[in-house]
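See below for the structure under consideration.
Chain naming here is simple, since letters A, B, ... match the order of the sequence lines and numbering starts at 1 in each. Just the heavy atoms: all of them, side chains too, but no hydrogens, waters or symmetry mates, feed the values below.
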Protein chains: 2
Amino acid sequence: METQTLGTGHPTAKRPGNPTLEDLAVAAGVSRSTASRAINGGYKVSPQARAAVDRAVAALGYIPNQAARSLVTRRTSSIALVIPEPDVRVMMDPFFAIVITGISEALRETDMQLVLLMSRNDDDSSRALRYLRGGHVDGAIVVSHHKADSWAKSLAGTGLPIVFIGRPWDTSIDVTYVDTDNYEGGRLAAHHLASTGRKRLGTIAGPADMTVATDRLAGWTEGLREAGLQQGPVAHADFSTAGAQEAALRLLDDAPHLDAIFAASDLMALGVMNALIAKGYSVPDGVALVGYDNHAIAADTAVPLTTITQPIAAMAAKAAELLLQKLDDPAIQHPPFIYPAELTIRASTPPVP
Amino acid sequence: METQTLGTGHPTAKRPGNPTLEDLAVAAGVSRSTASRAINGGYKVSPQARAAVDRAVAALGYIPNQAARSLVTRRTSSIALVIPEPDVRVMMDPFFAIVITGISEALRETDMQLVLLMSRNDDDSSRALRYLRGGHVDGAIVVSHHKADSWAKSLAGTGLPIVFIGRPWDTSIDVTYVDTDNYEGGRLAAHHLASTGRKRLGTIAGPADMTVATDRLAGWTEGLREAGLQQGPVAHADFSTAGAQEAALRLLDDAPHLDAIFAASDLMALGVMNALIAKGYSVPDGVALVGYDNHAIAADTAVPLTTITQPIAAMAAKAAELLLQKLDDPAIQHPPFIYPAELTIRASTPPVP
DNA sequence: TACTTTCATGGGAGCGCTTCCACAAAGCGT
DNA sequence: ACGCTTTGTGGAAGCGCTCCCATGAAAGTA
């Protein structure tokens, strides 16, 4: 390492920049303490002092220095959304977009800001961890949590309030999470397909290292059992269209006589549809198809998609809300919050002719 | 389980919080100054002192308090990505996902973190502005900039380094931006459709208050002129599938004899396709279709989509890179950085029979 | 009137960190 | 030997803010 850092210009010796609280106080003709109080809710501040400060704020365009503030308050007014996903494709899943907007919505009326933290590998994930532990944020929401991720354990020790979206693997320690009823979603898919008269059902499940995927699969399996159908073939994919397409091709090689497929996400259902068409199956009469998420695109495909609808935005908003509560009272305990899944029937699952 | 016992281990007495630099120094047997130097690159620190500090860091799990650090350095090690979009649907555009990943990629080797700032209306946008000016971030990247947004003006005064993705409206003040050649993209679309023998061409353009949209439209218009075709009908939509679908229906009402449509995004092309099918047109033989972006989905639609490919990730990464340079040297001037657009031909634009 | 209680205020002590500065200890020419 | 620079070091001064506390004024109570 050369001595590059110190060589170049030093950071603006005198700061004509933003006015400080001191400047504000002088301009308002009060003390720094009073100015501070006036700014922070005005408790124990006379109306005239408060008005003077307000005027000075406007005149100077005063904006508090957040670093100084959080140095003493130990609050940063921002929370992190941790997305431990390595791949661009996964980020494109509308799931994340909805989660982000859901959280934003919940944060609207607060002064909290959302910091997006994407980690890609062990290296980065420790970097992300450093960030979280460095006092950068007051709390974190973790989404798309994989089995190998050690967020729960690593963060539990730090005392950083944290809420998971989607049940984490390790629920032994006290973790707060919100989720949708993925088990029931899988079950609904199985029952619905059975009710249309399909007999040979397969599924493209999500990654085996995510509870959201295993739960849907478990529900699906149970649904098949309840319907008196035999267990069909299962292939795992990564929730992406391309991944599912490939998985579906494998699945169809192994089990060419399927008459229905349940894909654990709408994006994956698209991939399955591509695979089916490529293989010459007719959809939906030859092979029926059920997706998951009720993504906007599900209604607009060539064959509109029957799918499992889940309130992702509400769930994300709830996660944010729970986190805010935890920030308020770190000792608070939240039971898991599970949203229902429901079936949305479209053209991709007609009754058997 | 109502037991309020403190079963979960917590050494949280009063403030066992993170160890401070002072603690570190004591543990390493050096002064606070030396510990600080050792941590920050080790300039003018003896190897043994440095080793001692490193050991102490590991032993204590020391992580610097970012607030204290940035209070004095006036650096926060994070930059904001500002997305002035009010609507969930827009967030779902893969464009943003790619931008985010592109920026993340560029930031990988730095210790910079990305803060996502979404603003929804005037109220929030001033909140976002406060955030930016509050010393929360070292710089900002603004994407999806609308005409009415006053980011450029508002931020120019603060001295906050800022880079736009997509040419901003007001380039009078010195703004840095990266973009793709939207004009050329529009032109390519027109020329390609003309070359297939289409004569009556319409377009679904993006919002009239975004340069990215007006540039594509201008290029399209010029392309038509160059090809000797008459100007066709134009409808504007908001880059969403649903919006484009509606716009396309209007467009087709006004001009039912179109034999080709250029949609200014792939998502909008999907909407156009839906509208065409709903209206009983045959795609692509009756009406050819060109999209924009080359989104993953463009290749997977029922009729694979001819589209304009643009290097969004590269552009976003470049924006981040330029911003980092500006952080290093605020005085640096960057000329606009424009990436090329290129045509990707698929099945949606066959030659006229 | 004398007293307690409330309220508003400013002084001052940090929060944890970087960095200026003085200073001692080498290095190294002559 | 002598100056001279180079290097490593610790002390101390803040960065801008919050908040405890002492102080005095106003208001309530006797």
>> If you apply the rule side-chain hydrogen bond (donor to acceptor under 3.5 Å, both in side chains), what do you find for A/Ser33 with A/Ser36, and how did you get there?
In response: CA-CA 5 Å; A/Ser33 312; A/Ser36 174; over 6 Å; no

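Atom OH of B/Tyr43 and atom P of C/dC20 are 11 Å apart (whole Å). In this structure, A/Arg32 atom CZ and D/dC19 atom C1' are separated by 11 Å, rounded to whole Å. Between B/Leu21 atom CG and C/dT19 atom C1' the separation is 12 Å, expressed in whole Å. Rounded to whole angstrom, the span from the CD atom of B/Glu22 across to the C1' atom of D/dG11 amounts to 12 Å.
With sequence neighbours excluded, the residues satisfying ring pair (Phe, Tyr, Trp, His ring centres under 6.0 Å) with A/Tyr131 are A/His136. With sequence neighbours excluded, the residues satisfying side-chain contact (heavy atoms from CB on, under 4.5 Å) with B/Ala313 are B/Ile98. For B/Val72, there are no side-chain contact (heavy atoms from CB on, under 4.5 Å) partners, not counting sequence neighbours. For B/Glu22, the side-chain contact (heavy atoms from CB on, under 4.5 Å) partners at least two apart in sequence or on another chain are B/Thr20, B/Val26, B/Arg32. Taking B/Arg37 as the reference, nothing meets the salt bridge (Lys or Arg N to Asp or Glu O under 4.0 Å) condition, with sequence neighbours excluded. The side-chain contact (heavy atoms from CB on, under 4.5 Å) search around A/Leu114 returns A/Ile79, A/Leu81, A/Ile100, A/Ile103, A/Ser104, A/Leu107, not counting sequence neighbours.
Sorted by first and then second residue, the side-chain hydrogen bond (donor to acceptor under 3.5 Å, both in side chains) pairs involving residues 313-327 of chain B (not counting sequence neighbours) are B/Thr176-B/Lys326, B/Lys318-B/Glu321, B/Gln325-B/His334. Residue pairs meeting the salt bridge (Lys or Arg N to Asp or Glu O under 4.0 Å) criterion with at least one member in residues 43-69 of chain B, sequence neighbours excluded, are B/Arg50-B/Asp54.
Of the residues in residues 60-71 of chain B, those with a non-hydrogen atom less than 4.0 angstrom from any atom of DNA chain D are B/Leu71.
The phosphate of D/dT18 (OP1 or OP2) has no side-chain N or O of A/Thr73 nearer than 4.0 angstrom. Residue B/Ser36 places at least one side-chain N or O closer than 4.0 Å to OP1 or OP2 of C/dT18. An OP1 or OP2 oxygen of C/dC17 is reached within less than 4.0 angstrom by a side-chain nitrogen or oxygen of B/Thr20.
Judged by distance alone with a 3.5 Å cut-off, no donor-acceptor contact links the side chain of B/Ser46 to the base of D/dG8. At a cut-off of 3.5 angstrom, counting only N and O atoms as typed in the model, there is a donor on one side and an acceptor on the other between the side-chain of B/Ser33 and the base of D/dG11.
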>> Strictly under 4.0 angstrom, non-hydrogen atoms only: write out the protein contact profile of nucleotides 21-28 of chain D, one letter per nucleotide from the 5' end, B, S or -.
In response: --------

With the criterion being N/O to N/O and under 3.5 Å, what pairs connect the protein with nucleotides 23-26 of chain C, and how long is each?
none

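Helical stems of DNA chain C (runs of at least 3 Watson-Crick or G-U pairs, donor-acceptor distances under 3.5 Å) are listed by first residue: C:4-28 with D:3-27.
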